[in-house]
There are 2 protein chains.
Amino acid sequence: MPGGRPRAFDADNALDRALEVFWRHGYEGTSLADLTAAMGINKPSLYAVFGNKEQLFGKVLARYLEGPGAYAADALAAPTGREVIERLIRGAVDLTAGETTPHGCLCVNSVHACGPDAHAVRQDAIAVRKAGEAALRRRLEQADDLPSRYEPAALAALVHTISDGLAVQAAAGRSPDELRQIGELALCALLTEGPHHIE
Amino acid sequence: MPGGRPRAFDADNALDRALEVFWRHGYEGTSLADLTAAMGINKPSLYAVFGNKEQLFGKVLARYLEGPGAYAADALAAPTGREVIERLIRGAVDLTAGETTPHGCLCVNSVHACGPDAHAVRQDAIAVRKAGEAALRRRLEQADDLPSRYEPAALAALVHTISDGLAVQAAAGRSPDELRQIGELALCALLTEGPHHIE
DNA sequence: TTAGCTATGTACCGTTCGGTACAAAACTAG
DNA sequence: CTAGTTTTGTACCGAACGGTACATAGCTAA
């Protein structure tokens with residue numbers, strides 16, 4: 001029934017290419033010319049399939065969360081609170097310092113896209129971040145193995161903050177090895193029990 | 001001897017206006033029109049006094065470091081290692097969540113300016129960051145009051161990372177109060193001694 | 001083959017970008 | 001007043017931006 005000329009590219013594959021470019025160069029640093037070149041299509045095709053640049057970024061962000069960023073949601077399924085946090089921090093290191101992927105985190109990058117056209121994109125990224133932290137807080141509320149000095153909400157915010165810091169460090173060019181050391185040290189600081197009373 | 005028409009604006013004041021705009025909207029998110037409007041001058045005056053956009057940003061970055069960012073260098077003069085770190089973290093919170101200043105950190109923002117024209121600016125920001133962390137490391141090497149699990153270089157990197165995370169949180173709209181709580185909790189995690197052996 | 005549909009490639013739109021040429025304006029030195 | 005110097009305002013430059021009109025190519029259904 002539909003007929004018509006068949007599409008000459010794979011939409012999912014093109015979306016992955018767009019993800020790569022947005023991740024590496026940021027929302028505002030990526031032009032439509034960059035996108036079409038990387039995706040191997042022309043502008044009319046891009047608009048027909050993905051909408052405008054802003055809408056395309058929305059789809060890229062969703063794909064980022066269910067692809068490279070899926071470690072975060074997966075980590076919440078770990079059996080103990082400590083393991084949840086360990087997997088989050090180590091996952092952040094692996095994601096942001098990956099050898100084959102751009103350094104840094106697409107979501108953290110997007111928070112810093114402050115141009116006049118990027119307002120909606122920024123709000124999207126912030127919403128995603130809020131939702132992620134809320135999920136972590138709910139998970140930590142059900143853990144009983146964490147150092148007693150922590151309130152779940154505050155600990156979730158701190159873990160989120162450290163994860164953000166790792167993304168910045170990666171974006172600033174810190175080597176994967178160094179980043180891994182920082183992550184491990186952060187875990188050590190986070191998960192060490194406070195001083196026991198002697199005797 | 002020189003003569004000539006007198007300048008109709010104060011260069012230092014104009015630089016502060018430029019700092020405000022760059023801080024709030026980022027390097028790439030700020031246009032020359034934004035700058036001239038905020039500084040109250042026209043483009044030829046801007047170019048005559050500050051050079052092009054990239055050179056202007058360099059001067060803005062220097063002013064940022066010796067103005068709002070001076071807390072970081074000052075903190076190194078604190079008497080103990082713990083106080084150095086406390087002042088750094090609390091200073092980062094105050095800087096990035098200031099009521100009268102833009103949220104976030106100009107230097108962290110600039111690391112995420114990934115457009116084609118922003119390469120030099122990004123390298124400037126990274127150089128500043130490296131120098132700051134090196135100074136912190138040297139200071140921590142001379143402290144003897146820090147938890148024994150820390151190597152100075154690793155601790156300096158972790159403090160830097162947490163400071164970056166706070167800047168991201170501020171840029172993402174976290175309230176000053178929440179940010180303060182996160183900072184205090186980070187200090188608690190960083191500076192708490194490891195478990196003592198019981199008896 | 002033909003009609004109808006969708007995707008493709010090209011060529012273009014108006015706007016905004018960073019940057020500059022140029023003349024009028026405002027000062028100092030003589 | 002005049003000559004020389006520097007800043008100011010305006011008007012403009014070529015390039016790149018996001019986005020689109022339009023004709024053609026390539027398919028399906030009859």
Side-chain angles (χ1 to χ4, degrees), chain A residues 1-15 17-19 21-22 24-61 110 113-122 124, chain B residues 1-15 17-19 21-22 24-61 110 113-122 124:
Chain A
M1 179 180 15
R5 179 172 177 173
R7 191 174 292 158
F9 63 95
D10 178 61
D12 281 346
N13 193 289
L15 199 57
R17 306 295 187 100
L19 167 56
V21 181
F22 272 133
R24 189 176 302 278
H25 296 117
Y27 179 74
E28 311 193 69
T30 301
S31 69
L32 284 189
D34 295 333
L35 288 168
T36 55
M39 300 165 87
I41 64 179
N42 354 31
K43 284 193 269 185
S45 300
L46 191 156
Y47 274 79
V49 177
F50 302 106
N52 64 15
K53 187 184 177 185
E54 194 173 303
Q55 295 167 322
L56 170 59
F57 185 86
K59 295 176 193 195
V60 160
L61 186 58
S110 304
C114 299
D117 305 334
H119 191 252
V121 158
R122 196 166 158 267
D124 283 354
Chain B
M1 180 177 20
R5 181 172 175 170
R7 190 173 294 158
F9 63 94
D10 178 61
D12 282 346
N13 194 289
L15 198 57
R17 306 296 187 100
L19 167 57
V21 181
F22 272 133
R24 189 175 303 276
H25 297 117
Y27 179 74
E28 311 193 68
T30 302
S31 69
L32 284 189
D34 295 333
L35 288 168
T36 55
M39 299 166 87
I41 63 180
N42 345 14
K43 285 194 268 186
S45 300
L46 192 158
Y47 274 79
V49 176
F50 302 107
N52 64 14
K53 188 185 177 187
E54 194 174 302
Q55 295 168 321
L56 170 60
F57 185 87
K59 293 175 202 222
V60 161
L61 186 58
S110 305
C114 299
D117 306 333
H119 190 252
V121 159
R122 196 167 158 266
D124 282 355

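Keep in mind it's a predicted model, so treat the numbers as computed, not measured. Throughout, a chain's letter reflects where its sequence line sits, starting with A, and its residues are numbered from 1.
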Does B/Ser31 make a side-chain N or O approach to OP1 or OP2 of C/dC17 shorter than 4.0 Å? yes
When the distance from CZ of B/Arg7 to P of D/dG9 is rounded to whole Å, what number comes out? 13 Å
Side-chain N or O of B/Lys53 closer than 4.0 Å to phosphate OP1/OP2 of C/dG18: yes
A/Asp117 CG - C/dT15 C1' separation (whole Å): 11 Å
Just call it for A/Ala48: base, sugar-phosphate, or nothing, with non-hydrogen atoms closer than 4.0 Å on any strand. nothing
Sub-3.5 Å donor-acceptor pair from the side chain of B/Glu54 to the main-chain atoms of B/Val121, do we have one? no
Value in whole Å for how far the P atom of C/dT8 lies from OH of A/Tyr47: 16 Å
What contact category does B/Pro44 fall into here, base, sugar-phosphate, or nothing, at under 4.0 angstrom with non-hydrogen atoms? base
In terms of ring plane angle, is the pair B/Phe57 and B/Tyr27 parallel, tilted or perpendicular, where the classes change at 30° and 60°? perpendicular
Counting distance only, does the side-chain N/O of B/Lys59 pair as donor-acceptor with the main-chain N or O of B/Gly51 below 3.5 Å? no
In whole angstroms, how far is the C1' atom of D/dT7 from the CZ atom of B/Phe9? 9 Å
Taking OP1 and OP2 of D/dT7, is either one under 4.0 Å from a side-chain nitrogen or oxygen of B/Ser45? no
How many whole angstroms separate atom CG of B/Leu46 from atom C1' of C/dT20? 13 Å
Does B/Asn42 use its side chain to pair, donor to acceptor, with the backbone of B/Ser45 at less than 3.5 Å? no
Nearest heavy atom decides the nucleotide; on that basis, is B/Leu32 or B/Pro6 closer to the 5' end of DNA chain C? B/Leu32
Check this one for me: any side-chain N or O of A/Asn42 less than 4.0 Å away from OP1 or OP2 of C/dG9? yes
Would you indicate what A/Thr36 reaches in the nucleic acid, counting non-hydrogen atoms under 4.0 angstrom: base, sugar-phosphate, or nothing? nothing
In whole angstrom, what separates A/Gln55's CD from D/dG19's C1'? 12 Å
Whole angstrom value for the distance that separates C1' of C/dC17 from CG of B/Asp34: 11 Å
Roughly, in whole Å, what's the span from CD in B/Glu28 to C1' in D/dC17? 13 Å
Under the 3.5 angstrom rule, does the side chain of A/Glu28 hit a backbone N or O of B/Gly115 as a donor-acceptor pair? no
Any base atoms under 4.0 Å from B/Asn52, or only sugar-phosphate, or nothing? Heavy atoms, all strands. sugar-phosphate
With a 3.5 Å cut-off and heavy atoms only, can you find an N or O donor on one side and an acceptor on the other between the side chain of B/Arg5 and the base of C/dA25? yes
